[in-house]
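Below you'll find the structure, written out as structure tokens, and then a few comments.
We count ligands from 1, going down the list as the structure has it; atoms in each ligand are counted the same way.
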Amino acid sequence: MEAIRIEKTKNPKEKPGQDNPLVFGTIFTDHMFEMDYEKGKGWYDPRIVPYHPLSLDPSAMVFHYGQTMFEGLKAYKAEDGRILLFRPNKNIERANRSNRRLCIPEIPEDIFMEALKELVKTDADWIPTKPGTSLYIRPFVIATDPFLGVRPSDTYKFMIILSPVGPYYESGLDPVKIWIEDEYVRAVKGGIGEAKTGGNYAASLASQVKAHDEGYAQVLWLDGVHRKYIEEVGAMNIFFKINGTVVTPALNGSILAGVTRDSVIALCKEWNVPVEERQISVDEVIDAARTGAMEECFGSGTAAVVSPVGELRFEQEKMEIHGGRIGELTQKIYDTITGIQLGKIKGPEGWSVEVK
Ligand code: COI
């Protein structure tokens, strides 16, 4: 493996103060990782360089046909000073699954891991330590051939940027209100719904704007064929606790395989909380909410961690969940996952990777 070259900035930025709310995705650190790809040559020149704007040909394929992949994971500073990544191997595996679906060349896992660690180490002073904060890591690939025909690009750029963040939602850990979407759809089986790529998020915007205008934080998608089965929320997977059982939609080919989703399921299993990954219809959700069988509802995601849902809205009906308050199991899952992320609780093997 080619060694990562490191060029440190000569103009370090001012870091956000302790009282900065660290609005998600607005502040970027001093450095970034970059690596290029050419057909026949492979990935080359891995480097950490000062954070900088890009210069790209306006015809670069990513701008026109959206051949791109992104990931999201977080680094934390433990009380004893250790720097911890939460399950980075899962993100690396998923990145390459997305790459395969989008005809982007795979990134060697060892280079990817090394790049994450070296970059986080370089900007370690940017990891915030206030409760509820972390250093969000955004790896992504773009197709760079200057060409307007539709085909996979022959050249790519892989980059990683870092952003100190607070909670994803303005409301923090207060329950969010979610709009169940019955007009637009996000993805269908066979499409790109299970890949982490910009197009899925572009497809979500019109619906998200509509939901925001009505006072809802995010959209809960129904499947694109029957318009009946629950899929996922804009930036999270979704869980319902119904009559003591935790239910989440099964990974069916159009849903994102969330790392936090996987972690929630593993914890429930460890605690002997019944958990089912299966098809769940909107009718079942509405019925459970109406009869009070719906005890809790929450979303899971890297950015959102575990976010309680206090209200679901479907057509004209508003359904309050758990009195609009966070449920006990949701709180326990949140505390456990953030405890593991911060190194306060020992998680399963491989969940915490130390950056040294
Ligand atoms: C993440 O949770 O990391 C995501 O990628 C969701 C993103 C849309 C903020």
F70: numbered ligand 1 atoms lying under 4.0 Å from its heavy atoms: 5 (O)
Close approach, M236 and ligand 1, non-hydrogen under 4.0 angstrom: no
Atom 4 (C) of ligand 1 - nearest protein heavy atom and its distance: K196 NZ, 3.4 Å
Test item: side-chain donor near acceptor, Y216 and E311, under 3.5 Å: yes
Shortest protein contact, atom 8 (C) of ligand 1 (heavy atom only): Y201 CE2, 3.5 Å
Enumerated ligand 1 atoms positioned under 4.0 Å from heavy atoms of T302: 1 (C), 2 (O), 3 (O)
Heavy-atom nearest neighbour in the protein, as seen from atom 2 (O) of ligand 1, with distance rounded to 0.1 Å: A303 N, 2.8 Å
Protein contact of atom 7 (C) of ligand 1 - nearest heavy atom, named by residue and atom, plus distance: R138 NH2, 4.0 Å
E71 and N91 side chains, donor-acceptor separation under 3.5 Å: yes
Parallel, tilted or perpendicular: rings of F298 and F239 (30°, 60°): parallel
Inter-residue atom distance T29.OG1 - K15.NZ, 0.5 Å rounding: 9.5 Å
Parallel, tilted or perpendicular, as decided by the 30° and 60° cut-offs, for the rings of W43 and F158: perpendicular
Identity and distance of the protein heavy atom lying nearest atom 9 (C) of ligand 1: Y168 CE1, 3.6 Å
pair M61-H64: side-chain heavy atoms closer than 4.5 Å: no
Contacting atoms of ligand 1, where contact means under 4.0 angstrom from a heavy atom of G72: 3 (O)
Pair F140 and F70, ring centroids less than 6.0 Å apart: no
Atom 3 (O) of ligand 1 - nearest protein heavy atom and its distance: Y136 OH, 2.6 Å
